[in-house]
Amino acid sequence: MAKIDQKSNKVIFTNAEFTKAWENCPIIQNRDRKDFRLCYICKYPMEFKINENMSNDETAWVIDLINIKKPVLEIDNYIGVHANCVQNRTKKNATKLIKRIKMVGWMAPE
């Protein structure tokens with residue numbers, strides 16, 4: 001389970017939580033689901049390997065909460081998004097939006 005670092009006020013996630021957040025991301029039809037997923041905010045592919053120690057790379061992904069109206073650190077409330085997309089989020093509860101995005105067959109640009 002995620003822990004809050006009292007010194008830095010940052011949430012520290014476990015590897016299992018990173019894996020579950022990645023699995024909650026929408027799948028891209030023409031890419032390997034282990035290596036690529038879709039950022040539900042900008043609709044652009046994220047690469048799994050890039051998330052290394054909170055990289056400053058603009059394509060890096062981080063864990064975000066699906067429903068921030070109820071900010072509970074539960075594994076089913078995690079989803080991966082680009083680090084730069086977090087501030088572009090439009091809704092506090094993205095559950096319905098993510099469900100609709102997952103129903104569409106997304107393809108990555110070639």
Side-chain angles (χ1 to χ4, degrees):
M1 177 149 205
K3 297 178 184 177
I4 299 176
D5 183 7
Q6 298 297 326
K7 293 179 183 176
S8 64
N9 281 339
K10 291 186 179 182
V11 180
I12 300 170
F13 296 101
T14 64
N15 286 340
E17 291 169 319
F18 273 104
T19 302
K20 183 62 178 175
W22 185 256
E23 290 173 6
N24 284 341
C25 296
I27 297 169
I28 301 173
Q29 300 295 324
N30 61 343
R31 297 289 168 102
D32 183 11
R33 64 179 47 192
K34 294 177 192 168
D35 295 330
F36 293 95
R37 294 289 175 117
L38 186 76
C39 174
Y40 81 93
I41 297 173
C42 70
K43 318 302 187 285
Y44 196 77
M46 299 182 294
E47 188 173 358
F48 184 74
K49 301 173 203 166
I50 295 175
N51 187 14
E52 296 169 353
N53 299 325
M54 300 299 284
S55 171
N56 289 331
D57 189 339
E58 64 186 32
T59 58
W61 69 276
V62 295
I63 294 179
D64 191 22
L65 298 179
I66 295 171
N67 184 359
I68 58 175
K69 281 185 178 178
K70 299 177 185 174
V72 181
L73 294 178
E74 292 180 353
I75 207 158
D76 292 332
N77 197 28
Y78 299 153
I79 191 164
V81 297
H82 287 120
N84 290 340
C85 291
V86 174
Q87 70 262 9
N88 297 332
R89 183 182 178 135
T90 56
K91 295 187 175 199
K92 291 186 177 186
N93 185 355
T95 306
K96 290 181 183 177
L97 174 64
I98 293 167
K99 188 180 267 187
R100 278 185 265 143
I101 289 172
K102 285 183 176 182
M103 290 179 5
V104 177
W106 291 90
M107 303 283 274
E110 294 297 325

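Here the closest heavy-atom approach between residue Met46 and residue Gly80 is recorded as CE-O, 3.4 Å. Closest approach of Gln87 and Asn84 over heavy atoms only: NE2-O, 2.9 Å. The shortest heavy-atom contact between Pro45 and Ile28 is CB-CD1, 3.6 Å. When all heavy atoms are compared, the tightest approach of Arg89 to Asn67 is NH2-N, 4.1 Å. Smallest separation of non-hydrogen atoms from Arg37 and Cys25: NH1-O, 3.0 Å.
When side chains are defined from C-beta on, Leu65 counts as touching Pro71, because their heavy atoms get closer than 4.5 Å. No side-chain heavy atom of Tyr40 sits less than 4.5 Å from a side-chain heavy atom of Asn24. Counting only heavy atoms from C-beta outward, the side chains of Ile79 and Ile63 never approach each other to under 4.5 Å.
Distance check: Asn77 CG to Lys20 NZ gives 11.5 Å after rounding to the nearest 0.5 Å. Rounding to the nearest 0.5 angstrom, the gap separating the OG1 atom in Thr95 from the NZ atom in Lys69 is 9.5 Å. With rounding to the nearest 0.5 Å, the separation of CZ in Arg31 from CD in Glu47 is 9.0 Å. Note that the CD1 atom of Ile66 and the CD atom of Glu74 stand 11.0 Å from one another [nearest 0.5 Å].
Taking the six-membered ring where tryptophan is involved, the planes of Phe13 and Tyr78 are perpendicular, since the angle between them exceeds 60° and thus also 30°.
In the displayed structure, Asp32 atom CG is contacted under 6.0 Å by more than 12 heavy atoms of other residues, nucleotides or ligands. Within 6.0 Å of the NZ atom in Lys43, the count of heavy atoms belonging to other residues, nucleotides or ligands exceeds 12.
Taking the six-membered ring where the residue is Trp, the centroids of Trp22 and Phe36 are separated by 6.0 Å or more.
Proximity of a side-chain donor or acceptor of Asn30 to a complementary backbone N or O of Met107 within less than 3.5 Å is not detected. Side chain of His82 to main chain of Val62: no donor-acceptor pair is present (N/O by atom type, distance under 3.5 Å, no hydrogens or angles).
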Pair Lys102-Leu38, side-chain contact (heavy atoms from CB on, under 4.5 Å): steps then yes or no: CA-CA 9 Å; Lys102 285 183 176 182; Leu38 186 76; over 6 Å; no
Audit row: Phe18, Trp61, ring-ring contact (aromatic ring centres under 6.0 Å, His included) steps and yes/no: CA-CA 10 Å; Phe18 273 104; Trp61 69 276; 5.7 Å; yes
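Residues Ile27 and Trp106 fall into different hydrophobic clusters, defined by Ile, Leu, Val, Met, Phe, Trp and Tyr side chains chained together at heavy-atom separations under 4.5 Å.
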